[in-house]
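FYI, side chains are in, hydrogens and waters are out, and symmetry mates aren't considered; it's all heavy atoms of this structure. All residue numbers in this chain count up from 1 along the given sequence. Computed from a prediction, not measured in an experiment: that's the story for all the values here. Order of appearance sets the numbers: ligands from 1, and atoms from 1 within every ligand.
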Amino acid sequence: TAATTELTTADGVRRRDWIHVAALGTAGVGAASVLFPLISQMAPSQDVLAASTTEIDVGAIQPGQSIKATFRKQPLFVKRLTPEEIAAAKKDDAVDMRDPAALAERTKEGHEDVLVTMGVCTHLGCVPLGAAEGENKGEFGGYFCPCHGSHYDVAGRIRKGPAPKNLLVPEYEFKSDTVIRVG
Ligand code: FES
C-alpha cells in the first residue's frame, strides 16, 4: 500500500543520511586524531602560561635521573645532573653557542645540579627525548628531538639542528631544599 511504500522510503532516506553522517563523523575523528598531537605539542600560549603553578618534589631524583611532569598542559623535564654532566656543561659554557647561556644562568644558585626545562622543542614544538632513550644519544648527551633532529646538550642548550633556542627554563623557585614551585 501507499503507506507501506512511504514508510520504506522514509526509512531508506534516514538510513542513507545516517551512513553519510557516519562517514563524515569518521573523517572528523580521523582529522582530529591527526591534529590533536600537533596541537597538544604546540608551544604554550601566554594565556595558558598565566594559568597555573606546579610543585614538584625533586628530592627523590637521583643524579643522572630525570622526570617528566606537566606544567600548564605542557611537558616539563626535571633532571638532576651528575657531577660529570655539570663539569661538561660548565666546560661548554665557553663554547660558541647558538643561544648562549651558562649553566649558572639556567639553574638556581646552590642547585646547579637541578635542571628544569619545558619539554618542548623550540623548533616546532615536539617533545624531545632524553639522552638515555633509544638510539638518540647524540654527541651532546642531553636531549634529542625526533621530529627534525635538533640536539640539546645536558643543560638543554641547542647545539645542532633547526631549533633556534635553548629549551625554555620556566619561572620557578625552590620552596625548600627538595621542593620546587614552577610558575
Ligand atoms: Fe624539534 Fe623540529 S620540532 S627539531
d(Ile158 CD1, Leu167 CG) to nearest 0.5 Å is 8.0 Å

Can the positive tip of Lys160 be found less than 6.0 Å from the middle of the six-membered ring of Tyr152, inside 45° of the ring normal? no

Taking the six-membered ring for Trp, are His148 and His123 parallel (under 30°), tilted (30 to 60°) or perpendicular (over 60°)? perpendicular

Only residue of Glu105, Arg98, Arg159, Arg106 satisfying side chain to side chain contact (heavy atoms under 4.5 Å, CB included) with Asn166 is Arg106

Would you say the rings of His151 and Tyr143 are close, in the sense that their centroids are separated by under 6.0 Å? no

Taking side chain as C-beta onward, heavy atoms only, is Leu76 less than 4.5 Å from Lys68? no

Please report the number of protein N, O or S atoms that lie less than 2.8 Å from atom 2 (Fe) of ligand 1. 2

